[in-house]
Amino acid sequence: MTESPLVKDLNSAQREAVAAPLGNQLVLAGAGSGKTRVLVHRIAWLMEQQSVSPHQVMAVTFTNKAAREMRERLTHLIGDRLGPRGVHSMWVGTFHGIAHRLLKAHWQEAGLSQNFQIMDSDDQLRLIKRIYQTLALDDSRWPVKQAQWYINNQKDEGLRPAHIDPGHDPFAQTMKLVYEAYEEACENAGLVDFAELLLRSHELWLKNKSLLDHYQRRFVAILVDEFQDTNSVQYAWLRVLAGHACAVTAVGDDDQSIYGWRGAKIENIQQFENDFAPVGVTRLEQNYRSTSTILSAANAVIENNFGRLGKNLWTDGGEGEHIDLFAGFNEQDEARYIVERVQDYLREDGSRARTDCAVLYRSNAQSRILEEAFLRENVPYRIYGGQRFYDRLEIKNALAYLRLISSRQDDAALERVINTPTRGIGAKTIESIRIFARDQGCSLYAAMQAALRNKVFSARAAGALNGFVALIDELEENVAQLTLGEAAELVLEKSGLVEFHRKEKGEKGQARVENLEELVNACRLFEPQDEEVTPLQEFLANAALDAGDGQADEFEDAVQMMTLHSAKGLEFPLVFLAGMEENLFPHKMSLDEPGRLEEERRLCYVGITRAMDKLVISYAESRRMHGNENFNAVSRFIREIPQNLVREVRIQSTVSRPASYSSSSATRQTEVDDFPDLKLGQSVLHPVFGEGTITQFEGRGAGAKVYVNFMREGGKWLALQYAKLEVV
DNA sequence: CTATCCTCGCTTTTT
DNA sequence: GCGAGGATAG
């Protein structure tokens, strides 16, 4: 093996992966095993030892964040050897970003219009809704969401309407019809959805051999991150591009495949070994993140899955602390405990930060209770995920104005803003424009102008429409001479969007105005890379492909809250896994199929392996779900963790949990036997009535009642079994 | 056109 | 139980 300074600080497995000969490589990289490090070093090594030049390298990731990180680390490691364009001489990006780049360069060959726009899933849904109207389809029989799901799935599998044989299945027949109409509408409006980017560029290569040949010659080395998340088109795309001569390095972890539900195929890892043979395989199993206690728990849980490629994480670090397990009386109790643990953790050592703590949960709905608990104790928190910046209503409206200015054919954009803010163009007027456009086979904007010329509208509607056309024309004229930031500011002012949201009552309007200001700011900071298109066009494409997360309050020291899915790839010294109950995690939708249950288990594995020093697992014995009280059993995943690693935490400062369960009975009921912490004169907290004092007792066991004198609400009798009293 | 009521749905999410 | 989006009345 060549001794290069590049591989000096790597362990032997990493070194083997980095310095493997120029050929196809599969790197099975466990959680926290230095996977990105290996990818970056592999690129450097190929350049140094195999004289691969930067522009012969393509590195593909799934998220913009991962692509950004890779670029940064490459610049850090070999920035001085990358030439004048730095890291931009390589193609480093997401599957979608790279496909977009190809389509922009070869729009003619791909059969697209020159200024095609990328449509996000929201626009896509609106478009399909409109198609439902033209086809007069019943959306209660065939939900629109399902049609969207269907279309995206077909595209992810590489299928066009022509490939689909619906047989006698009325659902498939209808969906095929929608899919066909949808394609036509996209074509006419110059719109391309996410899946289309990949499918279209894949087809481009297949039908244009000389173009494919060009790229196959160009790329000598292709590296793919998170290979277990690739779907069918992505895999096919890669296989075509790589051809027979290119060296592909695929890095992935079958145990961390958690996106099967959106088309990712773990099988692609095994498939890779066949299709790209000969393939060298290396395993990265040494973990640099977690204590051995945490790793043992993770290994034990994932062990229960079948058909794994096999991998066992180990560390030469210490054992660390036990995993704590807390049983909350209900979800409020659980949330309160978590907040308390965070406060203790910070109090123990002044150098610790709130960002060191993360609360992970299975579904977004769980965040509210946790949020309230943090809010009550004035602990700053930040929720990741949820609505993304560019998905916010006000931002989408603003972008739609910019899109319309940049492309008049963009019907989706026109529909969004023609009457936002309201300017007296009603549903009827818009409908007649739609009909006109359909008859003429032109864009809505063109139809509107033609209809105005033919004077088909009432004086009022015509006035409003003329105003709108004048506005868009005026904006376009001015925007051409301004910087992007100034242009955005002008558009927001003149369109009346800022004014519209300023007048909105409540804090919501305020927040929206602030978001719009943030958008102007993003425009100001935007640095165009591409000289082929206008900065505005480039910005719009970027906005469509970028979640734009991490906008506000990024630097505030706050506890991190997120779903298990969004935690993938991150690490925290202190991790809470909340809501570890059957039906919630594993989710009840995943219980019937073994494959889906295994995916839940992998999700649990991902969660456990996020923790560096300390893991706290919790569940609630009673939980309100969709308005009903549920008594869920303890998650099977908890039972899969060896007992000796776990310390059960008893409740100290709260109402005791119900003393006994009759575990034999199928429908388990909470039985209240006694509440040792409750006595006369005790101060208690009620979730609705607030703070009060116990002044009387009545009854025992399940029928026990207390009389509480509330500070705000006065005295009330409460059934202990139902009232969620907390000792203060 | 806007305000309000009502219904619906409800796992995970990137691009 | 809660929030979003659609339908309906004003």
Side-chain angles (χ1 to χ4, degrees), chain A residues 60-67 93-100 118-126 129 139-140 143-146 149 152 155-156 192-199 226 229-231 233-234 257-264 331 360-369 384-388 390-391 393 419-430 460-461 464 504-505 508 541-549 562-569 579 583-591 596-597 599-600 602-604 606-607 623-630 687:
Chain A
V60 198
T61 63
F62 273 84
T63 64
N64 287 299
K65 199 172 148 205
T94 63
F95 273 105
H96 292 88
I98 290 173
H100 178 236
I118 301 168
M119 169 174 51
D120 66 21
S121 44
D122 206 65
D123 298 328
Q124 187 183 35
L125 193 69
R126 284 158 160 269
K129 273 184 189 158
D139 62 357
S140 60
V144 182
K145 274 251 164 72
Q146 218 169 331
W149 186 84
N152 289 334
K155 289 193 179 189
D156 284 346
V192 165
D193 63 43
F194 292 129
E196 185 74 24
L197 289 169
L198 285 154
L199 183 53
E226 306 277 15
D229 287 339
T230 50
N231 66 26
V233 209
Q234 285 160 343
S257 161
I258 55 175
Y259 288 110
W261 52 274
R262 66 177 195 211
E331 71 272 23
L360 311 182
Y361 38 81
R362 175 66 234 268
S363 66
N364 283 310
Q366 287 167 256
S367 71
R368 217 194 75 247
I369 303 288
Y384 279 82
Q387 218 185 13
R388 300 169 323 168
Y390 288 113
D391 275 350
L393 179 91
N419 201 33
T420 311
T422 46
R423 49 173 71 86
I425 303 171
K428 256 194 140 159
T429 311
I430 297 173
R460 210 168 58 155
E504 231 175 355
K505 51 184 182 281
K508 213 164 184 172
N542 261 284
L545 288 173
D546 190 346
D549 48 11
M562 67 195 84
T563 63
L564 286 154
H565 282 90
S566 27
K568 193 166 90 159
N583 296 322
L584 188 61
F585 189 34
H587 197 275
K588 64 167 172 298
M589 306 296 251
S590 305
L591 292 178
R596 307 193 62 183
L597 183 70
E599 185 156 307
E600 296 276 314
R602 291 193 292 269
L603 192 55
C604 181
V606 167
R623 179 182 299 272
R624 221 163 231 297
M625 291 164 89
H626 329 298
N628 297 316
E629 192 148 32
N630 290 67

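Below, chains carry the letters A, B, ... as their sequence lines are ordered, and counting in each starts from 1. All figures in this text were calculated on a predicted structure; none of them were measured in a lab.
- Shown here are the salt bridge (charged side-chain N to carboxylate O under 4.0 Å, His left out) partners of A:Asp193, two or more places apart in sequence or in another chain: A:Lys155.
- Partners of A:Arg368 under the salt bridge (charged side-chain N to carboxylate O under 4.0 Å, His left out) rule, at least two apart in sequence or in another chain, are A:Glu372.
- Residue A:Asn628 is classed as having no contact, given no heavy-atom separation below 4.0 Å to the nucleic acid.
- The nearest whole Å value for the distance from the CD atom in A:Glu196 to the C1' atom in B:dT14 is 17 Å.
- Looking at heavy-atom distances under 4.0 Å, A:Ile425 makes contact with sugar-phosphate atoms alone, never a base.
- A:Thr230 meets the side-chain hydrogen bond (donor to acceptor under 3.5 Å, both in side chains) test with A:Asn268; sequence neighbours excluded.
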Extract from the structure each pairing of a protein N or O with an N or O of nucleotides 6-12 of chain B at less than 3.5 Å, listing the distance.
{"from": "B:dT11", "atom 1": "O4'", "to": "A:His587", "atom 2": "NE2", "distance (Å)": "3.2"}
{"from": "B:dT11", "atom 1": "O2", "to": "A:Arg362", "atom 2": "NH1", "distance (Å)": "2.7"}
{"from": "B:dT11", "atom 1": "O2", "to": "A:Arg362", "atom 2": "NH2", "distance (Å)": "2.2"}
{"from": "B:dT11", "atom 1": "O4", "to": "A:Arg596", "atom 2": "NH2", "distance (Å)": "2.2"}
{"from": "B:dT12", "atom 1": "OP1", "to": "A:Asn364", "atom 2": "N", "distance (Å)": "2.6"}
{"from": "B:dT12", "atom 1": "OP1", "to": "A:Asn364", "atom 2": "ND2", "distance (Å)": "3.1"}
{"from": "B:dT12", "atom 1": "O4'", "to": "A:Arg362", "atom 2": "NH2", "distance (Å)": "3.0"}
{"from": "B:dT12", "atom 1": "O2", "to": "A:Trp261", "atom 2": "NE1", "distance (Å)": "3.3"}
{"from": "B:dT12", "atom 1": "O2", "to": "A:Arg362", "atom 2": "NH2", "distance (Å)": "2.7"}

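- Remark: C1' of B:dT15 and CD of A:Gln124 are 11 Å apart, rounded to the nearest angstrom.
- Applying the side-chain contact (heavy atoms from CB on, under 4.5 Å) rule to A:Ser367 yields the partners A:Tyr361, A:Glu371, A:Ile383, A:Met561; only residues at least two apart in sequence or on another chain are considered.
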Return the polar atom pairs (N/O with N/O) between nucleotides 5-8 of chain C and the protein under 3.5 Å, or none.
{"from": "C:dG6", "atom 1": "OP1", "to": "A:Lys129", "atom 2": "NZ", "distance (Å)": "3.2"}

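- Nucleotides B:dT12 and C:dG5 place their P atoms 16 Å apart, quoted to the nearest Å.
- Not a single salt bridge (charged side-chain N to carboxylate O under 4.0 Å, His left out) links A:Asp156 to another residue, sequence neighbours left out.
- Here A:Asn630 pairs with A:Met625, A:Asn628, A:Asn632 under the side-chain contact (heavy atoms from CB on, under 4.5 Å) rule; sequence neighbours left out.
- To the nearest angstrom, P of C:dC2 lies 11 Å from CD of A:Glu331.
- For the pair A:Leu545 CG and B:dT15 C1', the computed distance is 6 Å after rounding to whole Å.
- Every residue meeting the side-chain hydrogen bond (donor to acceptor under 3.5 Å, both in side chains) condition with A:Thr563, not counting sequence neighbours, appears here in chain and number order: A:Ser566.
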Applying side chain to side chain contact (heavy atoms under 4.5 Å, CB included) to A:Leu584 and A:Glu331, what does each step give before you reach the verdict? CA-CA 12 Å; A:Leu584 188 61; A:Glu331 71 272 23; over 6 Å; no
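- Whole-Å rounding puts the A:Asn630 CG to C:dG1 P distance at 12 Å.
- The distance from atom CG of A:Leu393 to atom C1' of C:dA4 is 12 Å, rounded to the nearest whole Å.
- When the side-chain contact (heavy atoms from CB on, under 4.5 Å) test is applied to A:Arg423, the partners found at least two apart in sequence or on another chain are A:Tyr401, A:Asn419, A:Pro421, A:Ile425, A:Phe468, A:Leu471.
- The residue among A:Gly424 and A:Asp120 whose nearest nucleotide of DNA chain B is located toward the 5' end is A:Gly424.
- Rounding to the nearest 0.5 Å places CD of A:Glu196 at 8.5 Å from CE of A:Met119.
- Every side-chain contact (heavy atoms from CB on, under 4.5 Å) that A:Trp261 has, sequence neighbours left out, goes to A:Tyr259, A:His565, A:Glu599.
- In this structure, of B:dT15, B:dT14, B:dC1, it is B:dT14 that holds the atom nearest to the side chain of A:Arg262.
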With Watson-Crick and G-U wobble geometry limited to distances under 3.5 Å, how should the secondary structure of DNA chain C be encoded in dot-bracket form, using | for bases paired to another strand and [ ] for crossing pairs? ||||||||||
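- Residue A:Asn64 places no side-chain N or O under 4.0 Å from the OP1 or OP2 atom of B:dT14.
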